[in-house]
Amino acid sequence: MSTGSRPFRLRNTLTGRVEPFSPARPREVRMYTCGLTVYARGHIGNFRTFVAQDVLRRFLRFKGYRVVQAMNFTDVDDKTIRGANEAGLPLRQYTDRFIGQFFDDADALGIERAEHNPRATDPRYIKAMAALVERLLEKGIAYRADGSVYFRVAAFPAYGRLSGAGASDRIAGARVDSDEYDKEHAHDFALWKAAKPDEPSWPASFGRGRPGWHLECSAMGLELLGSDFDLHCGGVDLVFPHHENEIAQSEAATGKPFVRHWFHCEHLLVEGRKMSKSLGNQFTVRDLLDEGFSAAAMRHLLAGVHYRQQLNFTRAGLRQAQVAIGRVNAFLARSDRAGGGAEAGDGTAEDAEVAGALDRFEAALDDDLNTSRALAEVFFALKQGNRALHQQGAAGGTGAAPWAAAIRRMNEVIGSFELGKETSDRAVGGERDEQEAPSGLAPELLSRIEERAEARRRRDFARADAIRDELAQEGILLEDGPRGTTWRRP
RNA sequence: GGCGGCGUAGCCAAGUGGCCAAGGCGGAGGUCUGCAAAACCUCUAUUCGGCGGUUCGAAUCCGCCCGCCGCCUCCA
């Protein structure tokens with residue numbers, strides 16, 4: 001763990017400034033992230049945000065914090081209800097499917113699992129939400145109308161602090177909510193929606209119904225993390241009204257600060273255009289996997305652009321990422337094969353260089369998660385490591401190992417290297433590693449490689465090249481080095 | 001209409017007053033190699049959308065203009 005004369009500075013939407021991040025408890029961070037509304041498979045835009053949050057989470061752990069994260073699933077709202085009804089399925093069965101798909105995609109992208117994945121319809125949270133509404137009713141901040149319960153925005157003077165002072169202006173200028181309910185003011189929002197015949201509903205002391213959208217995050221956040229927790233994350237679109245409303249209802253109910261630091265991730269563009277259904281550019285991770293792109297490339301592209309910057313997600317970018325990742329992975333594999341103690345640490349000048357790179361890496365992330373700059377250090381380490389490997393040559397030194405270890409340390413945050421089965425880089429025909437070779441390459445192909453090695457020994461290069469070309473057809477790239485031939489799938 | 005962001009080499013993308021404007025991809029040349037591939041080395045923006053201004057000094061601050069985008073309404 002590194003120490004901290006240099007604080008981790010992170011932009012806080014609440015203040016609009018990049019400021020030192022200071023959790024309420026010394027070595028623990030309690031974070032909440034607004035997860036997916038599970039009426040469809042999450043698209044690449046959703047995952048941009050989730051990857052950014054994952055980088056944040058991993059960096060906190062990198063710095064030695066214990067992280068307790070809750071990421072919810074919104075499994076009851078207009079869209080999930082409509083989807084379930086159209087599919088003729090019970091709500092839970094309908095949403096289960098998308099939750100499963102979410103985890104498939106998140107796992108592929110190397111997104112660490114949160115400690116808690118609450119879903120709104122869990123009885124525990126329905127109960128917590130009802131309790132929250134009761135408190136607001138008792139305090140006279142919420143009111144009932146037509147079977148529903150609303151939050152009286154006028155009763156919470158701090159309203160608008162997150163999204164920028166003039167919340168009343170925004171509201172005045174905005175289109176009036178088309179809700180047919182009887183609200184006192186257009187900008188009051190529903191805490192609890194009165195039951196309807198074709199909608200799921202739950203009993204409550206203030207009437208049967210279902211939770212309003214904003215309520216669940218407040219209830220689950222408070223339930224799992226307590227008041228005044230450290231981080232609340234989401235996409236920029238959630239700043240208003242969702243997060244603004246969460247603050248209002250939570251703080252009005254508890255009388256305590258809700259969240260210390262708000263983290264919002266910018267949206268992405270796909271091929272230079274806003275992602276939208278009509279443009280047909282709402283890709284899912286699955287779609288891109290099916291096109292042949294690796295999840296690692298997706299993560300690399302998503303993680304490599306600063307989170308507050310609009311990111312242009314393109315196939316060309318994915319291809320670039322793929323190449324860059326391949327270079328790093330190939331180095332790591334080569335370094336492992338070359339051997340050498342990974343722990344070095346005998347105070348050489350080179351150790352200081354490695355430590356310097358790691359420190360610059362951390363410094364970049366300390367500066368509002370500047371992943372682009374951090375990545376530059378990964379590539380610096382790559383260059384140094386490759387250089388060491390180059391010089392090692394036949395001499396067989398251990399200079400590359402510390403750089404490989406440094407890259408792996410950095411990858412604890414970046415996460416896009418050695419993700420999935422990217423590396424099948426193995427030595428064949430050399431004097432070493434024979435035993436660990438084959439997983440992934442058919443014996444038939446291995447014997448072809450042997451055959452080619454034999455041909456090369458005979459200096460029958462026509463034969464050798466023919467075999468190399470054939471294997472290339474199969475997607476196997478052969479590389480001849482001083483220690484024998486290695487293969488990989490590019 | 002209100003609020004906000006962005007525009008840096010062929011592409012992606014850091015940099016917010018002062019060393020030669022990070023890094024990646026791509027491209028050119030070289031070393032190595034039977035040839036390749038990989039790796040390494042060198043080169044690849046006298047210039048930061050445009051025009052003015054402030055300053056000893058600006059990609060970085062100010063003004064205007066052009067272009068792209070977001071939020072204000074379900075949305076990561």
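Each chain gets a letter, A, B and so on, in the order the sequences are listed, and its residues count up from 1. Values below: all heavy atoms of this structure, side chains included; hydrogens, waters and symmetry mates excluded.
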Using a cut-off of less than 4.0 Å, is there contact between a side-chain N or O of A/Asn386 and OP1 or OP2 of B/rA38?
no
Could you give the distance separating B/rC75 and B/rC64 at their P atoms, to the nearest angstrom?
35 Å
Classify the nucleic acid contact of A/Asp78 as base, sugar-phosphate or nothing, counting any heavy atom under 4.0 Å across all strands shown.
nothing
Might you work through the side-chain hydrogen bond (donor to acceptor under 3.5 Å, both in side chains) test for A/Glu418 and A/Asn329, ending with a clear yes or no?
CA-CA 6 Å; A/Glu418 299 186 313; A/Asn329 288 345; over 6 Å; no
Integer angstrom distance from the P of B/rA14 to that of B/rC20:
24 Å
Using a heavy-atom cut-off of under 4.0 Å over every strand shown, decide if A/Leu36 touches base, sugar-phosphate, or nothing.
nothing
What interatomic distance, in whole Å, is found between C1' of B/rG49 and the corresponding atom of B/rC6?
11 Å
Selection from B/rA14, B/rC35, B/rG70 that lies nearest to any side-chain heavy atom of A/Arg456:
B/rC35
Spacing of A/His306 atom NE2 relative to B/rG5 atom C1', expressed in whole Å
12 Å
On a heavy-atom basis, the closest approach of A/Leu302 and A/Leu311 is O-CD1, 3.6 Å
State whether A/Asp368 and A/Arg373 are salt-bridged, where the test is any N-O pair (Lys NZ or Arg NE/NH1/NH2 against Asp/Glu carboxylate O) under 4.0 Å.
no
Ranges pairing with ranges for RNA chain B, where each run has three or more Watson-Crick or G-U pairs under 3.5 Å
B:1-7 with B:66-72, B:10-12 with B:23-25, B:26-31 with B:39-44, B:49-53 with B:61-65
Using a strict heavy-atom distance below 4.0 Å, which residues from residues 10-18 of chain A are in contact with RNA chain B?
none
Suppose you measure atom P in B/rA58 against the same atom in B/rC43; what distance do you get, rounded to whole Å?
27 Å
For A/Arg82, what residues pass the side-chain hydrogen bond (donor to acceptor under 3.5 Å, both in side chains) criterion, not counting sequence neighbours?
none
C1' atom, B/rG7 versus B/rU47: distance in rounded Å?
15 Å
Would one find a side-chain N or O of A/Trp213 under 4.0 angstrom from OP1 or OP2 of B/rC75?
yes
Looking at the rings of A/Tyr307 and A/Phe263, which for Trp means the six-membered one, are their centres under 6.0 Å apart?
yes
Among B/rG34, B/rC35, B/rG70, which nucleotide has an atom closest to any side-chain atom of A/Arg468?
B/rC35
Does the pair A/Arg308/A/Glu266 count as a salt bridge with the N-to-O cut at 4.0 Å?
no
Charged N-O contact under 4.0 Å between A/Glu184 and A/Arg152:
yes
Measure from the ring center of A/Phe283 to the ring center of A/His43 and say whether it is less than 6.0 Å.
no
Is any NZ, NE, NH1 or NH2 atom of the basic residue among A/Lys79 and A/Asp77 found under 4.0 Å from an Asp or Glu carboxylate oxygen of the other?
no
Do the side chains of A/Arg41 and A/Asp105 get close enough for a salt bridge, i.e. N-O under 4.0 angstrom?
yes
Got a salt bridge between A/Arg57 and A/Glu112, using NZ or NE/NH1/NH2 to carboxylate O under 4.0 Å?
yes
Using nucleotides 27-30 of chain B, report all nitrogen or oxygen pairs with the protein that are shorter than 3.5 Å.
none

Could A/Glu291 and A/Arg315 be called an ion pair, given the rule that one side-chain N must be under 4.0 Å from one carboxylate O?
yes
Give me, pair by pair, the N or O atoms of the protein and of nucleotides 23-26 of chain B that are less than 3.5 Å apart, along with how far apart they are.
| unit_1 | atom_1 | unit_2 | atom_2 | d |
| --- | --- | --- | --- | --- |
| B/rG24 | N2 | A/Gln320 | OE1 | 2.7 |
| B/rC25 | OP1 | A/Arg327 | NE | 2.6 |

What's the gap between B/rC32 and B/rC48 when it is taken at their C1' atoms, as a whole Å value?
38 Å
Euclidean distance, atom CG of residue A/Asn312 to atom C1' of B/rC69 [Å, nearest integer]
11 Å
A/Thr49, nearest nucleotide to its side chain (from B/rA76, B/rA39, B/rC72)
B/rA76
Distance check needed: B/rC11 P versus A/Leu318 CG, whole Å only.
18 Å
What nucleotide among B/rC75, B/rA38, B/rC71 has an atom nearest to a side-chain atom of A/Arg334?
B/rA38
Distance check, P atoms only: B/rC19 and B/rU60, in whole angstrom units.
14 Å
Check this for me: does the side-chain of A/Asp237 come within 3.5 Å of the base of B/rG70 through a donor and an acceptor?
no
B/rA38 P sits how many Å from A/Trp487 CH2, rounded?
17 Å
So that I know where these two stand, are A/His243 and A/His232 an aromatic pair - ring centroids less than 6.0 Å apart?
yes
Given B/rC69, B/rG34, B/rA76, which nucleotide is nearest the side-chain atoms of A/Lys274?
B/rC69
Could you give the NE2-to-P distance, from A/His390 to B/rU42, as a whole number of Å?
12 Å
Integer angstrom distance from the P of B/rG70 to that of B/rG63
25 Å
Side chain of A/His267 - closest among B/rG34, B/rA38, B/rA76:
B/rA76
Checking salt bridge (charged side-chain N to carboxylate O under 4.0 Å, His left out) for the pair A/Glu451/A/Arg463: CA distance, chi angles, key distance, verdict?
CA-CA 9 Å; A/Glu451 185 189 342; A/Arg463 179 68 191 137; 2.6 Å; yes
Over all strands shown, is A/Met71 touching base, sugar-phosphate only, or nothing at heavy-atom distances under 4.0 angstrom?
nothing
A/Asp104/A/Arg286 ion pair, N-O < 4.0 Å:
no
Applying a 4.0 Å non-hydrogen cut-off, can you work out what A/Arg463 is touching in the nucleic acid: base, sugar-phosphate, or nothing?
nothing
For A/Arg387 and B/rC32, give me the distance from atom CZ to atom P, rounded to whole Å.
18 Å
Separation of B/rC71 atom C1' from A/Leu268 atom CG, nearest Å, is 16 Å
Taking CZ from A/Arg373 and P from B/rU8, how many angstroms apart are they, rounded to a whole number?
20 Å
Please classify the nucleic acid contact of A/Gly234 as base, sugar-phosphate, or nothing, using heavy-atom distances under 4.0 Å.
sugar-phosphate
The nucleotide from B/rC40, B/rA14, B/rC74 with an atom nearest the side chain of A/Gln309 is B/rA14
How would you list, by chain and number, every residue that makes a side chain to side chain contact (heavy atoms under 4.5 Å, CB included) with A/Thr13, sequence neighbours excluded?
A/Leu162, A/Val239, A/Trp262, A/His264
Hey, which of these two, A/Leu382 or A/Thr314, hits RNA chain B nearer its 5' end, going by closest nucleotide?
A/Thr314
Closest listed nucleotide, where the reference is the side chain of A/Glu266 and the choices are B/rA76, B/rA36, B/rG70:
B/rG70
Are A/Arg337 and A/Thr486 linked by a side-chain donor-acceptor pair shorter than 3.5 Å?
no
